[in-house]
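Read through the structure below, which is laid out as structure tokens, and then see the notes.
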Amino acid sequence: MLLPRTCVVCGRPLRVHETCMCVSCALEMPLTWNWDLSHHPMADQLNAHIQARLTSAQPENTAHEPYAYAAALFYYRADSGYSQLTRRLKYRADFPTGRYAARMLGERLAASPLYGKMGGADLPVDAVVPVPLHWMRRLQRGYNQAAVIGKEVADCLGVPMLDLLVRRRRTPTQTHLDASHRLANVLGAFSLRRRIGTKASRDTGLAGLRHILLIDDVFTTGATLAACHAALREIFPPTVRISTATLGCVR
């Protein structure tokens with residue numbers, strides 16, 4: 001009675017059978033439904049970044065880069081109550097809310113024909129990799145919100161979560177940057193962990209991977225995920241599909 005459970009979206013007291021969100025908000029959630037689609041605006045935006053990097057690095061490059069899948073649970077707007085699903089996890093350490101939303105995403109990916117074994121995917125995801133925080137920001141915050149989301153998604157997919165990437169320089173927050181500055185901000189910011197180096201071909205655990213899923217909290221322009229994609233490509237050839245998934249996607 002003193003501390004009633006309330007809906008994270010609208011603030012209404014929750015009924016006994018409700019968790020995190022009330023039934024009304026759950027029904028009205030602005031889902032993207034793009035976890036069942038190979039091509040859509042979010043994926044196109046990510047692939048545009050990937051192609052731009054390949055073109056600038058090797059103008060004559062003709063190597064095949066498979067189209068990267070991308071998915072998000074809901075359309076994100078800062079002024080919407082649904083933004084609390086990511087903001088409460090990122091800024092208030094609200095792990096129950098973060099895990100609740102991550103399970104919603106994971107269950108949909110598991111049933112997707114593009115990502116999950118249950119969905120009959122030809123090349124199902126076999127590893128989840130969270131976008132890393134810089135060690136100083138991780139120390140300040142105490143956790144990596146992408147890893148919290150990634151653990152739940154990995155459990156839903158029945159695959160391991162691998163800590164393969166590091167953020168080698170602390171970049172300013174992306175919140176108030178436009179698309180071009182976001183891309184420049186994260187350029188070269190991510191790399192593989194030293195213990196991995198270029199020895200993935202001799203590591204049987206990594207050599208067997210065929211579909212890696214990068215996880216982050218919100219997709220805005222795709223710059224951060226494209227930078228992580230580039231870092232993974234240092235050891236994983238184009239035959240390994242690298243997809244992305246987030247809780248929110250800015251429309």
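Values below: every heavy atom of this structure, side chains too, minus hydrogens, waters and symmetry copies.
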- Note on the structure: Value for SG (Cys20) from CZ (Arg5), rounded to nearest 0.5 Å, stands at 8.5 Å
- Just by distance, do the side chain of Arg108 and the backbone of Met104 share a donor-acceptor pair under 3.5 Å? yes
- Query: Taking Arg167 for the side chain and Pro132 for the main chain, is one N or O donor matched with an acceptor at less than 3.5 Å?
  - Reply: yes
- Query: Ser112 side chain to Trp35 main-chain N or O, any donor-acceptor pair under 3.5 Å?
  - Reply: yes
- Query: Do you know which two heavy atoms are closest between Leu165 and Cys228, and how far apart they sit?
  - Reply: CD1-CB, 3.8 Å
- Item | Closest non-hydrogen atom pair, Leu14 against Met21 | CD2-C, 3.6 Å
- Task: Give, for atom CG of Leu46 and atom CG of Leu225, the distance between the pair rounded to the nearest 0.5 Å.
- Result: 6.5 Å
- Message: Donor-acceptor pair, distance only, cut-off 3.5 Å: does the side chain of Asp126 make one with the backbone of Arg210?
- Response: yes
- Minimal heavy-atom distance between His40 and Ala70, with the atoms involved, is NE2-O, 2.7 Å
- Message: Check the orientation of Tyr82 and Phe74. Use parallel for under 30°, tilted for 30 to 60°, and perpendicular for over 60°.
- Response: tilted
- Atom CD1 of Ile215 and atom CG of Leu109: how far apart are they, to the nearest 0.5 Å? 6.5 Å
- Message: Would you compute the distance between atom CD of Glu107 and atom CG of Leu157 and round it to the nearest 0.5 angstrom?
- Response: 10.5 Å
- Using modelled atom types only, decide if a donor and an acceptor are shared between the side chain of Gln84 and the backbone of Gly81 within a distance under 3.5 Å. no
- Query: For Met42 and Ala72, which heavy atoms make the closest approach, and how far apart are they?
  - Reply: SD-CB, 3.8 Å
- Smallest separation among heavy atoms of Arg103 and Cys156, with atom names: O-SG, 4.0 Å
- What closest approach, in Å, do Ala227 and Phe190 show between heavy atoms, and which atom pair accounts for it? CB-CD1, 3.7 Å
- Query: Which distance, rounded to the nearest 0.5 Å, do you find between the OG1 of Thr244 and the CD1 of Ile50?
  - Reply: 8.0 Å
- Gap between atom OH of Tyr115 and atom CZ of Arg241 - 0.5 Å precision: 9.0 Å
